[in-house]
Amino acid sequence: MTRTHTCGELRASDAGKSVVLLGWVNRRRDHGSLIFLDLRDRYGITQVVMDNELSPVAHAKAEHARPEYVVAAIGKVRLRGKDVINPKMATGEIEVVANELRILNDAKVPPFSPAEEAIANEEVRLKYRYLDLRRPEMQRNLEIRHKVALAVREYLSAQGFFEIETPFMTRSTPEGARDYLVPSRVHPGEFYALPQSPQIFKQILMISGMDRYFQIARCFRDEDLRADRQPEFTQIDLEMTFPQQETVFAVVEGFLKAAFEVTGEQIRAPFPRMTYDEAIRRYGIDKPDLRLPAMVDLTSDFTPELRTALKIEQELPVLGFTVPRVGELSGTARKALTSDIRASLGDSALDVLDIARLRTNDTFAGLADKISEKLSDELKVFDERGLASRDLNVVITPKPGVAAQAKDRLWIYKKVGQLRLDLAKRFQDKHSAFEKKGNADDYKFLWVTDFPFFEWDGQTHTWTFAHHPFTSPHEDDLIAGRMESDPEAVRALAYDIVLNGMELGSGSIRIHRQDVQGQIFRALGMSDEEARLRFGFFLDALQYGTPPHGGIALGLDRIIMILTGATSLREVIAFPKTAKAIDLMADAPSQVSEQQLRELHIRPTKA
RNA sequence: GGGGACGUAGUUCAGUUGGUCAGAAUGCUGCCCUGUCACGGCAGAGGUCGCGGGUUCGAGCCCCGUCGUCCCCGCCA
């Protein structure tokens, strides 16, 4: 028996055709001698009618049909009468009159119905993932995922990129996230590691002369999960020879445009660029959400006299920001908000300034006006509407004699930046900046460039890689000798792509010269021997004619999350894991037999 | 590792101050129904209140512990 049509394709123009539909029983409506079955498959839902007078055998079968049974309906397409057309269904103008119904498979009563509007809790959904995936929403999510992957492949292929697979079982490299390890049976006590990314292999492919590589690659990181983080996730990974940063940007902008067209979304490219420094100063974070107005630096408006009068620490920055369209707050609401802000500022190194009260005082009224004006200017840049009395202005000041932590300017910027996001989230129903409006403004892309090359490790009191060890520093900083004189000022040719405050991907131009690589390792206080131990095979490869190269990797799951409007990666991954990295359906991880452990030369220290 | 929310029927949830508090809806089972499409009507079954301990005359409710799910911080070159 062959399916002639799917459950989503029959239309009025098919009336009179003999058809065979195969699918799951979505719902059954029993009117006695007339039974309706809604048949569901990936493509849609079609109503099948069993009439006791026309076909008593089919009708008798339908009496036994239950939700989620798999059935075959054989019959004729019939136009529905005018008064029983269902405009809510794509197939609502017709129905299939069955002259034969076959039950191909019955089904236990499911713990929840894929036809249900209200969805079960996630624990149940994950345990019975096959039922959850029958839901049209999940089918749509995975369809979009498939089509985006396809669009990316087509685009990159047309740009000359080869899709090349790299090993899942490879060597553990000591930097970065915790590895998932795979014990070797043949080599007692030795382990493979699952790749955190194909980083080294893709660089070696450049050394191999593959010129342009990409891969939709699974990556594994044994770190704690978040709504947007899974232990295994998928990256659109690419690398090319002889690139400028701009070359990489153009490729990414190209395939993102193609990817977003899958759901009919238009995006504007090229994307704006911003240095890391500017991102920190204006947004207090390295992944700015441009859907909200930036912070405003009010430091220069607070003269030493004013600071003394208002009990504000000299020198340190004063930062303000606006949350748009919050509306008038009552006195109690304002008080509660202020105390909430104080609470989130925590250790009282920073304080919130009451602008309303400032304005009532003759001494400070001028200052209050100036602050409002500056915040208004920023808001105008943001949406050309300017400051209204119903926007919420927040000004954060450093307290005098504060904890050493707050002396760190970076800490202040980050803290205020966090507050900016927290308050925006709190009032999101009011300003609706996070809602889709159906135009290109829904997607605020941004390239963040010039990341610092080194990062101070407070625990070991050493400089460490901010990116990864093969990221190239700025040529200028090398020539100026800052590697030795001022490591903090060295910029990396590293860049992130950010969308609506979410880090979508990260990449860099790599080091291709051995002398530079050596210089980097020395700056980090790493001996040649140690470097060799950690990255030996790659350092070898570098010596055999390495072309300048660079690339990037973007989180495919996160892109799909944005495109589907999902709030969690689990909604766009067929078989995801829980926050404790458990697969509730397969019940993994699990214990294994003594025999397996013996073969792998492993003895658990804890059962 | 830390903080928070939640856990009651298959499912989604309500359950007041510790004292008819074992409830609703939906699903399920049976019967009835020829135009429904979240069909409708009648009847019925369905519970270790996550688990363990404690307080109390008495615990779904209070306390301690534990397990699970979710969110956040740390972590994620």
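Predicted, not measured: the structure shown is a model, and the values here were computed from it. All values below were derived from every heavy atom in this structure, side-chain atoms included, with hydrogens, water molecules and symmetry-related copies excluded.
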**Message:** Here's a test of your reading of the structure: between A/Leu584 and A/Arg221, which maps to the more 5' nucleotide of RNA chain B?
**Reply:** A/Leu584

**Request:** With heavy atoms under 4.0 Å as the rule, sort A/Gln199 into base, sugar-phosphate or nothing.
**Result:** base

**Complete:** Residue pair A/Lys580/A/Lys425 against RNA chain B: nearer the 5' end by closest nucleotide is A/Lys580

**Prompt:** Can you check the A/Glu503 CD to B/C76 C1' distance for me, whole Å?
**Reply:** 10 Å

**Request:** Could you give the distance separating B/A45 and B/C28 at their C1' atoms, to the nearest angstrom?
**Result:** 9 Å

**Asked** Quantified in whole Å, what is the P atom distance between nucleotide B/U36 and nucleotide B/G41?
**Response** 14 Å

Listing, residues 580-587 of chain A side-chain donor-acceptor contacts under 3.5 Å, not counting sequence neighbours, or none:
from, atom 1, to, atom 2, distance (Å)
A/Asp583, OD1, A/Met585, N, 2.9
A/Asp583, OD1, A/Ala586, N, 3.0

**Asked** Can you check side-chain hydrogen bond (donor to acceptor under 3.5 Å, both in side chains) on A/Gln215 and A/Thr166, steps first, answer last?
**Response** CA-CA 9 Å; A/Gln215 186 180 188; A/Thr166 52; 3.0 Å; yes

**Asked** Nearest-Å distance, CZ (A/Arg135) to P (B/U11)?
**Response** 16 Å

**Spacing of A/Glu123 atom CD relative to B/A5 atom C1', expressed in whole Å** = 14 Å

**Item:** Watson-Crick/G-U partner (both atom distances under 3.5 Å) of B/U69
**Value:** B/A5

**Prompt:** Is the closest side-chain heavy-atom distance between A/Ile45 and A/Cys7 below 4.5 Å?
**Reply:** no

**Request:** Look at all strands and tell whether A/Pro110 reaches a base, only sugar-phosphate, or nothing, counting heavy atoms closer than 4.0 Å.
**Result:** nothing

**Asked** At under 4.0 Å between heavy atoms, what does A/Arg570 touch on the DNA or RNA strands: base, sugar-phosphate, or nothing?
**Response** sugar-phosphate

**Request:** Using the C1' atom as the reference point in each nucleotide, state the distance between B/G19 and B/G58 in Å, no decimals.
**Result:** 7 Å

**Prompt:** Centres of the A/Phe168 and A/Phe220 rings: under 6.0 Å?
**Reply:** yes

**Asked** Quantified in whole Å, what is the P atom distance between nucleotide B/U17 and nucleotide B/C32?
**Response** 49 Å

**Prompt:** B/C75 base to A/Arg229 side chain: any donor-acceptor pair below 3.5 Å?
**Reply:** yes

**Request:** Determine: side-chain N/O of A/Ser113 to OP1/OP2 of B/G27, distance under 4.0 Å, yes or no.
**Result:** no

**Request:** Look at atom CZ of A/Arg171 and say whether more than 12 heavy atoms of other residues, nucleotides or ligands are closer to it than 6.0 Å.
**Result:** no

**Message:** Which nucleotide, if any, forms a Watson-Crick or G-U wobble pair with B/G19, using both distances under 3.5 Å?
**Reply:** B/C57

**Request:** Ignoring the backbone of A/Glu122, work out which of B/U11, B/U69, B/C75 is nearest its side chain.
**Result:** B/U69

**Message:** Give me the distance, rounded to whole Å, that separates B/G7 from B/C62 when you measure between the P atoms they each carry.
**Reply:** 11 Å

**Message:** With a 3.5 Å limit on both atom pairs, tell me what B/A24 is paired to, counting Watson-Crick and G-U wobble, or say none.
**Reply:** B/U12

**Request:** Considering only atom C1', compute the distance from B/C6 to B/U12 and round it to an integer number of Å.
**Result:** 14 Å

**Message:** Can you measure A/Asp224 atom CG to B/C72 atom C1' for me and round it to whole angstrom units?
**Reply:** 12 Å

**Item:** Interatomic distance at C1', B/C67 relative to B/A24, whole Å
**Value:** 29 Å

**Complete:** For residues 32-80 of chain A, the ring pair (Phe, Tyr, Trp, His ring centres under 6.0 Å) pairs (sequence neighbours left out) are A/His31-A/Phe36

**Whole-Å distance separating the CD atom of A/Glu571 from the C1' atom of B/C70** = 12 Å

**Prompt:** Is any side-chain heavy atom of A/Ile285 closer than 4.5 Å to a side-chain heavy atom of A/Leu421?
**Reply:** yes

**Integer angstrom distance from the C1' of B/U29 to that of B/G68** = 32 Å

**Fill in**
In whole angstroms, the gap separating C1' of B/U11 from CG of A/Asp132 amounts to 13 Å

**Asked** For A/Lys108 and B/G27, what is the distance between atoms NZ and C1' respectively, to the nearest whole Å?
**Response** 16 Å

**Item:** Contact check, side chains of A/Leu10 and A/Leu21, non-hydrogen atoms, under 4.5 Å
**Value:** yes

**Request:** Using atom NZ of A/Lys127 as one end and atom C1' of B/G10 as the other, report the distance to the nearest whole Å.
**Result:** 12 Å

**Prompt:** Hey, does the side-chain of A/Arg66 have a donor or acceptor N/O within less than 3.5 Å of a partner on the base of B/G27?
**Reply:** no

**Asked** For nucleotides 31-38 of chain B, read 5' to 3', which letter fits each nucleotide if B means a protein heavy atom sits under 4.0 Å from the base, S means only the sugar-phosphate is that close, and - means neither?
**Response** --BBBBBS

**B/G40: pairing nucleotide in any strand, Watson-Crick or G-U under 3.5 angstrom** = B/C32

**Complete:** Exactly one candidate in A/Arg140, A/Arg125, A/Arg558, A/Arg135 meets salt bridge (charged side-chain N to carboxylate O under 4.0 Å, His left out) with A/Glu571; the answer is A/Arg125

